[in-house]
Amino acid sequence: MPLRIYNTLTGKKEDFLPLREKQVGMYACGVTVYDLCHIGHARSAIVFDVIYRYLRYRGYDVTFVRNFTDIDDKIIKRANEEGVDYRAIAEKYIEEFNIDMGGLGLEKPSFEPKATDHISGMIDLISTLIEKGSAYPKDGDVFFSVGRFKDYGKLSGRNLEEMQAGARVEIDEKKEDPLDFALWKSSKPGEPFWKSPWGEGRPGWHIECSVMSQKYLGETFDIHGGGKDLIFPHHENEIAQSEAATGKPFARYWIHNGFVNINKEKMSKSLGNFLTIKEILKQWHPEVPRLFFLSHHYRSPVDYSEESLLEAKTGLDRFYSTLKAIKDEIEIIPSPLTGEGKGGGIHVLEEAQKTIHSFQTRFEEAMDDDFNTAQALGYLYDLQRNLNSLLDISKGHPTEAILTLLKQGLDHIRKIGGVFGLFTGEPSEYLVRQKKEGLKKFNLSEEEILQSIERRSQARKDKDWKKADEIRNDLFSKGIILEDTPSGTLWKIK
RNA sequence: GGCGGCAUAGCCAAGUGGUAAGGCGACGGUCUGCAAAACCGUUAUUCACCGGUUCAAAUCCGGUUGCCGCCUCCA
């Protein structure tokens, strides 16, 4: 069964057949570096990170390009506000981007080109477009003539008449048609500029992606993606420029991720509900937002809320607990495998066997269906429940059969974790980290807790249940939950 | 005004023709001194509403209502 991808260009799920067998060229629009990245950038980045990882899991050799827009009106504005050179702004926010995305556990793309490193390529492309009659210079600016590109609107599903009818486009005297867009903008005094055949200026926004994608991936390549908001005009314009210049199809599969709302409201600076990645990472383990996003289909809008993130955290905690329990069972148990388990485990064993053996197929089926990570996670929860059942019947007396299944299950979780960027930490370290952060939050010391546990253990030995329960309730009110296990009393954060 | 999307349990969420995954929560049970954790069970005869097509519809078609996005910089 082939991988199927929903293609914005056709509005349908299509079999994914790359241009060259076993190789994929993929371009994702990155960010304009004039401010800190927010949770919406995080979603987009995570979506394409997982697509990148899954394609490689599927055996493709993937060239993944993600650009930086490092020259643009907003950057210039910011630089003016802060009284610094535009390059200082760009550099600063590229650095912050790298810190944030690293923090989220994103893999590095194959290439991360910057717009300003490709100005001459843009000038060449613009020249070609002028030669071919698709663009026209006017007083130091160059515009793309939308009316002369017959396929204009094919990505966003609109036609020229409609757009002109409802046009809210700024009327620019220089444009032959209000829908035409700038390929090159002349610079005003004091603005950064590059020399060009049309005078000093800077590139328009869309041209950079056409140039950089084609430079690293060829004139026609497999996948182009970004947030839904980029469909129009950005990606529409990229197609127009590129195809008008080369006469060949540009990107073959267009993938767009849905938006992030915050508490049911669109995230925007004016509403003041703008969440940066730094704020998220201060509050949550990086895999929490990841699990949260992957619990939804990448094309659906997603509502970010404290509760949803907490739910994701609960899920992540459980996975790590299961992972740790499995490791303990496999590693710490002394060798003679005399165990009989608890008995009555035949049914559990068979059930688990079925789930574990079919897991990989089900995972791949889900992912092959337009990267249905939510479905895949459903299977992962199934797997986890079965593994916990095995642990339950094993409890310190694993049989060969149980150990084998536990190991297979562990391998599966690890492998899927590699595709999803989840469960990358050592379970025990993850759990310790959760505890430490919880202690800080509740302003408690571990020593204090251990002393209480010690006193309670003594009370329990004395069968002084009243005292034991008092101590436990006291800790509970401070945010600590106790678990009595055969190997002693454990504690965790509420 | 134009274009597009969405509506599935208390909440979150998969599911595009074959009889409703999964998670959180809640309740009951096993275990436990009691709990916690884990496991088992229960929690949508039904997928916004009304029609239609079909042997069969959450899924397809038409209509209604409600929400959202895009058309301007935006992940």
Side-chain angles (χ1 to χ4, degrees), chain A residues 8 11 13 28-32 34-35 37-48 72-74 77 153 156-159 161-170 179 205 225-234 236 256-261 264-269 291-292 295-297 299-303 305 307-308 310-315 318 321-322 325 342 347-348 362 366 369 372-393 395 460 463-466 468-469 472-473 476 480-486 489-492 494:
Chain A
T8 308
K13 280 185 201 171
C29 286
V31 296
T32 301
Y34 74 104
D35 203 350
C37 286
H38 54 65
I39 186 72
H41 295 114
R43 183 181 193 194
S44 195
I46 288 169
V47 164
F48 288 99
D72 150 281
D73 291 352
K74 292 190 292 287
K77 183 168 170 248
S156 52
R158 48 191 95 197
N159 60 53
E161 297 85 79
E162 279 165 7
M163 284 187 276
Q164 270 148 352
R168 285 202 274 154
V169 250
E170 207 180 312
L179 294 174
W205 173 34
K228 261 195 164 71
D229 53 333
L230 296 181
I231 295 172
F232 190 89
H234 185 53
E236 195 70 69
H256 293 97
N257 66 274
F259 265 43
V260 180
N261 296 320
K264 312 219 153 105
E265 280 183 318
K266 182 181 163 150
M267 180 172 61
S268 75
K269 291 194 170 176
L291 182 59
F292 165 69
S295 302
H296 303 72
H297 189 93
R299 281 189 277 122
S300 309
V302 131
D303 190 48
S305 70
E307 294 96 298
S308 309
L310 196 58
E311 199 182 298
K313 181 188 175 293
T314 305
R318 286 193 64 209
S321 297
T322 299
K342 266 195 207 163
H347 179 68
V348 172
R362 295 202 290 168
D369 183 16
N372 194 337
T373 54
Q375 173 81 271
L377 279 173
Y379 296 146
L380 196 62
Y381 281 110
D382 266 340
L383 176 67
Q384 175 186 45
R385 196 163 15 80
N386 278 278
L387 292 171
N388 279 331
S389 290
L390 283 178
L391 287 167
D392 229 44
I393 60 164
K395 265 304 174 237
R460 292 182 73 215
K463 302 222 185 280
D464 185 351
W465 307 125
K466 193 168 168 251
D469 289 350
R472 186 172 60 199
N473 290 338
F476 185 80
I480 302 299
I481 296 172
L482 296 187
E483 283 178 33
D484 295 326
T485 74
T489 299
L490 305 176
W491 63 275
K492 64 173 189 179
K494 217 190 270 182

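To find a chain, count down the sequence lines: A is the first, B the second, and so on, and within it residues start at 1.
The nearest whole Å value for the distance from the CG atom in Asp464(A) to the C1' atom in G33(B) is 12 Å. Remark: P of C71(B) and CZ of Phe232(A) are 8 Å apart, rounded to the nearest angstrom. Here C71(B) presents its C1' atom at 16 Å from NZ of Lys228(A), a figure rounded to the nearest Å. Rounded to whole angstrom, the span from the CG atom of Asn257(A) across to the P atom of C70(B) amounts to 13 Å. One atom, OH of Tyr381(A), and another, P of G22(B), lie 13 Å apart when rounded to the nearest Å. If you measure from atom CZ of Arg299(A) to atom P of A14(B), you get 11 Å, rounded to the nearest angstrom.
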Quick tally for nucleotides 34-39 of chain B: nucleotides whose base has a protein heavy atom under 4.0 Å get B, sugar-phosphate-only ones S, the rest -, giving BBBSSS
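By the salt bridge (charged side-chain N to carboxylate O under 4.0 Å, His left out) test, Arg385(A) pairs with Asp382(A), sequence neighbours left out. Under the ring-ring contact (aromatic ring centres under 6.0 Å, His included) criterion, His234(A) pairs with Trp205(A), His206(A), not counting sequence neighbours. Take Arg472(A) and apply the salt bridge (charged side-chain N to carboxylate O under 4.0 Å, His left out) test, not counting sequence neighbours, and it matches Asp469(A). Residues meeting the salt bridge (charged side-chain N to carboxylate O under 4.0 Å, His left out) test with Lys492(A), sequence neighbours left out: Glu483(A).
Between Asp369(A) and Leu230(A), the one whose closest nucleotide on RNA chain B sits nearer the 5' end is Asp369(A). Both Val302(A) and Arg362(A) lie close to RNA chain B; mapped to their nearest nucleotides by heavy-atom distance, the more 5′-ward contact belongs to Val302(A).
In terms of phosphate contacts, His297(A) brings no side-chain nitrogen or oxygen within less than 4.0 Å of OP1 or OP2 of A14(B). Listed pair Ser300(A) / A14(B) meets the phosphate criterion, a side-chain N or O lying under 4.0 Å from OP1 or OP2. OP1 or OP2 of G15(B) lies within a sub-4.0 Å distance of a side-chain N or O belonging to Asn372(A).
Under the stacking criterion of a centre-to-centre distance below 5.5 angstrom and an interplanar angle below 30°, Trp465(A) sits stacked against the six-membered ring of G33(B). Residue ring and nucleobase are stacked for Phe259(A) and A75(B), with a centre distance beneath 5.5 angstrom and an angle between planes beneath 30°.
A distance of about 23 Å separates the P atoms of C6(B) and A20(B), rounded to the whole Å. Annotation: U32(B) and G22(B) have their P atoms spaced 29 Å apart (nearest Å). C71(B) and G15(B) have their C1' atoms separated by 32 Å, given to the nearest Å. When the P atom is compared between G62(B) and U53(B), the two are found 15 Å apart, to the nearest whole Å. For the P atoms, the distance linking C67(B) with A57(B) amounts to 30 Å, nearest Å. Between A58(B) and C50(B), the distance separating the two P atoms is 13 Å to the nearest Å. When the C1' atom is used for both U43(B) and A36(B), the distance is 23 Å, rounded to whole Å. Only the P atoms considered, C49(B) is 14 Å distant from G10(B), to the nearest whole Å.
Within 4.0 Å (heavy atoms only), Val260(A) reaches at least one base atom of the nucleic acid. Using a 4.0 Å heavy-atom distance criterion, Gly315(A) is classed as making no nucleic acid contact. Looking at heavy-atom distances under 4.0 Å, Gly227(A) makes contact with sugar-phosphate atoms alone, never a base. The residue His234(A) sits apart from the nucleic acid: no heavy atom pair falls under 4.0 Å. Within the 4.0 angstrom heavy-atom criterion, base atoms lie near Gly258(A).
Side-chain contact between Phe259(A) and Arg43(A) is absent, with no heavy atoms from C-beta onward closer than 4.5 Å. Side-chain contact between Lys228(A) and Arg299(A) is present, with at least one heavy-atom pair separated by less than 4.5 Å.
Summarising the geometry, atom OG belonging to Ser300(A) is positioned 11.0 Å from atom CG belonging to Asn257(A); distances are rounded to the nearest 0.5 Å. Of the inter-residue distances, the one linking Ile231(A) atom CD1 with Arg158(A) atom CZ reads 8.5 Å to the nearest 0.5 angstrom.
Taking the side chain of His41(A) as heavy atoms from C-beta on, and the options C71(B), A13(B), A75(B), the nearest nucleotide is A75(B).
Side-chain atoms of Asp303(A) come within 3.5 Å of backbone atoms of Lys264(A) as a donor-acceptor pair (strictly under, hydrogens ignored). Remark: the backbone N or O of Leu310(A) is paired with a side-chain donor or acceptor of Thr314(A) at under 3.5 angstrom.
Between Asp35(A) and Lys74(A) there is no salt bridge, since none of the side-chain N atoms of the basic residue sits less than 4.0 Å from a carboxylate O of the acidic one.
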Return one dot-bracket line describing RNA chain B 5' to 3' (Watson-Crick or G-U wobble pairs, both distances under 3.5 Å; ( ) same strand, [ ] crossing, | another strand, . none).
((((((((.[[[..)..(...]]]((((((.......))))))....[[[[[..)....]]]]])))))))....
